[in-house]
Structures are given as structure tokens and as C-alpha cells.
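Worksheet: the structure to be examined is printed underneath.
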Amino acid sequence: MVASSFLLFLSTASVVAAYPSASSWAGSTESAVYPPPGATNTAINTYFPDAEQVGHPGPTPTGDEAWVLETAPVAPVKADVYPLINPVEGQAPVSTPGFNPMRYWGNLSPWWSLGENAFGLKSTAKVPTGCELTQVHLLHRHGARYPTDGSSPSKFAAKLHAAANSTGFTATGPLEFLNTWTYKLGAEILTPFGREQLFDLGIAFRVKYGHLLEGFKNLPVFRTNSNARMVDSALHFAAGFFGVQQYQSSYHQVIVIEDDPFYDALTPWDACPNSGNDNANLGIIAAGNWSQIYLNKTVARLQQHIDGLELDVSTVQSMQQLCAYETVALGYSEFCDLFTEEEWKGYEYALDLEIWYSYGPGSPSAAAQGIGYVQELLARLTQTPITNFSTTLNQTIDGNNVTFPLDQPIYVDATHDTVITTVLTALNLSIPLTRTGPLPVNHIAKDHSYIASHLVPFAANVVGQVLSCPAANGTHKESYIRFLLNDGVVPLTGVSHCTENKDGLCLVDSFVQGLQERIAEVDFQYDCFANYTAGFPDNIIDGRMKH
């Protein structure tokens, strides 16, 4: 059990008086400033010429591009979270226990390779025998970040600090650390580990797909948006993919505005008013109701170890969030040992519910929000300029062949987790993940496959591989496509005209036909602008409000 260290305290009654009261600074916010104020002195810059000015780089011959997914016997696997301290390591430093809480933090989990049989197919990211890669499409999330501004973790800290400076509080046993704990998290931007994630993702992408660079006639054009963590993610990816000294001259970076009232396929919300109304809160409501169930006993269990501060479900869930956020920001968190395996599974399911009903298959406007990216993918696969800009598309960008080229062997787009789930929904890639139907809101669905930590962890990545493979009759080769979600092969049976295939392959012509039908099927105007009520919980499983 994750909370094995905590369970030792259950047999011993807490004696509050035996412990000192909390410090007056408990719960206060700490932050660091770097570079130091006034440290920038341009007058001395001449003492520090850059590498180009210094010269003398030594030999710089460049080798051939890597091609690991075609040349190696197995696909590479992402499994570690170095230099973070995995919560299980302190309890089992030698052997790896069966339960890893890090993989139950939903969209706050670091990404790892899901691998074979993740979504029902035994195939891996390795290119199927006899096939050759011809094109790749990457849609990725930003790396690990601090909490959003004004979210639950900072509110917990404020509540703790207020108690410390009014009535006072005393924490004992597993909560004793709260007596001197301070809030050290910033807001919104990437953490150091988040920067590492995207740098590593860029390196891995070069090793997997670098040979496709040989097919470029012009510099690649990659996209992100203006949000600070998005720009940093895109730049760290590029530095990893192209090299630190080379990346600024190796590609073009499109940065679209993320702010009201701007929108595009990677930030679609302002194009779809219903993405922010009561229907969009269904997931938050579902997660809140479930939290009252799975944390019902936890509140009482932890309350016995703190006097002077009343805990509730929201407070305790904030502690679970702090475990995740502190780990990805500071490397380690004392909050992690407070919870059991069952409580971590409950936490994951709360996030599954939130994403399902607010941003995924159970949201009545999810497909409409993600349909712009489907249009872009169709244009790229067919090399056909987009002419319909009535959805979430940005005509200034998508209507220009400089900012939206159609002849690239590699496409890279960076976005947010909730956009990725709408895209998966719009593509109908989530259909295999909805086989158990709508997620129940009062218990964890048995064998459910719509799991937030599998879909949109920090640095999540969706890869569309276009391949040239032998035709069914073996007389010639045809163009196929398949999709990997965090290195797990996703069945394309949700896309019209794509049939079951052990490697997740679908003929590009069939896939294109399926995308065309899906675009025609999604009623963007109704789903995004009509006045309707989806109900709670709804029975929607394809992100559309049928009418």
C-alpha cells in the first residue's frame, strides 16, 4: 500500500499536546527570483563572446539520420521520471512494488509508454514488418507545469496560513510536516522537469523519425500558441529535435494567440460558446460527486491528526493534487504518503470523469471543438488547401501555404490536454475507449479504458504514422495510416471505412473518406451555439449533441 508509512500511526492515538503548534509561516507562499535583481550587466558582455564569435568548433561532420522504428528489433520505451522521486521509491528502493501512485494522477501524471495491448492491440510503436514510414503527424501536450492560477493547491495553502495566524493549529503523526510546510509552487509555467520532458520528447522524435527530414524541400513549420508554457514546450522540443546550437535556424515556429477572442484549431474554445456553459461543467459536477464518495472516510482518517483546522473533501483532494504538483515541480512531496492505493484510484477516476463529461466523448460540444484539427489533418493528408473556415480554424494561418504548408513529411503541433481529448473525440479515435459506455458517476467502472493518465498526462503525444505497406494481395504497396497514443497503438475501427487490423492500420484512402464523413456529420453550429441541455449524467459517447 502506498500509505504503509501512514498506517503505522493508526495503532497509536494522536496526542496533540505532545507536539508544538504550527509555525506562523505555515502555509505561506515562497518564491525565488532568478536572475538576481540588477545582475544583468550588458557592459561586460564583450568578455563572454558566443560560440560563433569564438570559433574553433573542432570537427563537425554530421552522421546519417536515425531510423530506430524501422531498423531496431523493438520500439524504444519511456518508463522513468528521473530526476523526480517516485513516491514508491522510499518504501521499496530495491524492488518495484506493483502499485505506482504516479500513474494514478490523471492529467497530472508524467507520460510513459503504454506499449503493447494498451488499447486492445498487441502491436507496438515499431513499424510493422515490410512497411516504410513516409510521413508523421505529432500532436503533443505541454510538459509538467505549476498549478493554474488560483487553483485548489494555493487555496489550501491560504487556508492553512490563515489558521496558523488566527486560531492556530497543531498537526501530528503523518501530518506533522504541515506545522512548518510552505507553498513553493508558482503558477501556469513549466517546471524544470516539464522542460526536460519536452527536450527529451524532441530527442526521441529525432531518433525515431529523423530520416523523414531528408524529404523536406523547405524548412519545417511547427505550431504552438502564445501561452508561456506552450511556447517553452515548443522551443524545448525543437532544441531536442534539432540541437541547441541549430534549432533557431532549422525550422519556423508559428505561435498563434491564445487569448479572448482569438481562436484556432489548437485553442478552439472561443469559437465554440457552448464549451464554457453549464454543459461544459458536467465533468466537474461528476468529479465532485464522486469525490464525496471516494474520500468520505479519508477526511475522518486525516482529521484525527490535525487540531485547529477543519478538513473536508475539497481540502483533502487538494492534498492529493499537491502530491502530484510538488513532485513534478520540486522533485518530492510529503503529501504522497498520506493516501492509500484505493484513494489514488479514486483520485484518478475523478479526473477520468471530469475529462469524459467536460472535454471528451461525454461532452456535447467536444467533437465540434476538435473538428478543426480533423480538417487540418485531412488537408495535410490530401495536400488540399482548406476552403471551409466555419469551424474553429484560423483563416489567417490555415489559409496561407507559408504558415500552413501541405507538403511536409513531419508535422508538429503543441496544445493543451483538453484540446487533445476533443481531437481524439472528433477523430473518433476514442470509440475503442468507450466500449463500456458512459462512465458511471457513483462507482469506478469495471474494465473501463478511458483513463486520463493514459490519454493526456504531461507531455502526452499523439502520433499519426503514414506508411507504405504491401497491399493485401502482395503485388504492390499502398499507403496506410495508424495512430499511437503515448506509444500505444489505437484501433481505428471508430473511423468509417477503417476495419479491424492487428497493427491498427487503415488505408489512407479509406481513412480520408472516413474523415470527410465525420466532418460532414459534426454539426458545428448546433453543438457550439444552440440552446440545449445535455442532462446529467448524459449518455453521449461520441462528443455530439444529436438533434
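The chain is numbered in sequence order, starting from 1.
Within the 4.5 Å cutoff, the side chain of Y146 has heavy atoms near those of the I189 side chain. Here the side chains of F193 and F458 are not in contact, with every heavy-atom distance at 4.5 Å or above. When side chains are defined from C-beta on, L351 counts as touching E354, because their heavy atoms get closer than 4.5 Å. Residues S233 and L190 are in side-chain contact: their nearest non-hydrogen atoms beyond the backbone lie under 4.5 Å apart. A 4.5 Å side-chain heavy-atom check between Y104 and S453 finds every atom pair outside the cut-off. Contact annotation: the side chain of Y247 never approaches that of F241 to less than 4.5 Å [non-hydrogen atoms, C-beta and beyond].
With hydrogens and angles disregarded, a donor-acceptor distance shorter than 3.5 Å links the side chain of Q197 to the backbone of A144. Listed for the Y480 side chain is no donor-acceptor partner under 3.5 Å among the backbone atoms of G504. The backbone N or O of K126 lies less than 3.5 Å from a partner atom in the side chain of T124, making a donor-acceptor pair. Checked by atom type and distance alone, the side chain of E517 never pairs as donor or acceptor with a backbone atom of S496 at under 3.5 Å.
Listed by first and then second residue, the side chain to side chain donor-acceptor pair (under 3.5 Å) pairs that reach into residues 275-287 are N274-N277, sequence neighbours excluded. Legend: disulfide bond (SG atoms under 2.5 Å apart) pairs involving residues 469-502, not counting sequence neighbours, sorted by first then second residue: C131-C469, C498-C506.
A salt bridge links R223 and D398; the closest N-O separation between the charged side-chain nitrogens and carboxylate oxygens is under 4.0 Å. Salt-bridge formation is not detected for the pair E348/K345: no Lys NZ or Arg NE/NH1/NH2 atom is positioned less than 4.0 Å from an Asp or Glu carboxylate oxygen.
In plain terms, the two heavy atoms of S249 and L219 that are nearest each other are O-CD1, 3.8 Å. Scanning all heavy atoms of the two residues, the minimum distance from I371 to A426 falls at N-CB, 3.7 Å. When every heavy atom of P432 is checked against every heavy atom of S449, the shortest pair comes out as O-OG, 3.8 Å. Contact detail for T403 and V221: the closest heavy-atom pair is O-CG1, 3.7 Å. Closest non-hydrogen pair, L433 versus L429, comes out as CG-O, 4.3 Å. Closest of all the heavy-atom pairs between L467 and P128 is CD2-CD, 4.2 Å.
Ring pair Y349/W290 is perpendicular by interplanar angle, where above 60° counts as perpendicular and below 30° as parallel. Y251 and F222 have tilted rings, their planes meeting at an angle from 30° to 60° on a 0 to 90° scale.
Atom CG of L139 and atom CG of L377 lie 10.0 Å apart (nearest 0.5 Å). With rounding to the nearest 0.5 Å, the separation of NE2 in H416 from OG1 in T422 is 11.5 Å. A distance of 5.5 Å separates OG1 in T267 from CG in N225, rounded to the nearest 0.5 Å. With rounding to the nearest 0.5 angstrom, the SG atom of C272 is 7.5 Å from the CG atom of D527.
By the neighbour-count criterion of 12 heavy atoms within 6.0 Å, atom NZ of K446 is sparsely surrounded, having that number or fewer from other residues, nucleotides or ligands. Counted within 6.0 Å of CD on E188, heavy atoms from surrounding residues, nucleotides or ligands total more than 12; the atom is thus considered enclosed. Residue K502 places its NZ atom among 12 or fewer non-hydrogen atoms of other residues, nucleotides or ligands, all under 6.0 Å distant. Within 6.0 Å of the CD atom in Q245, the count of heavy atoms belonging to other residues, nucleotides or ligands does not exceed 12.
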Trace of the ring-ring contact (aromatic ring centres under 6.0 Å, His included) decision for H454 with W111: CA-CA 8 Å; H454 292 188; W111 94 276; over 10 Å; no
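At a cut-off of 3.5 Å, with distance as the only test, no side-chain donor of S152 or Q317 sits close to an acceptor on the other residue. The closest side-chain donor-acceptor pair between S365 and Q369 falls under 3.5 angstrom. Side-chain N/O atoms of T224 and Q253 include no donor and acceptor closer than 3.5 Å.
Here Y209 pairs with F205 under the ring pair (Phe, Tyr, Trp, His ring centres under 6.0 Å) rule; sequence neighbours left out.
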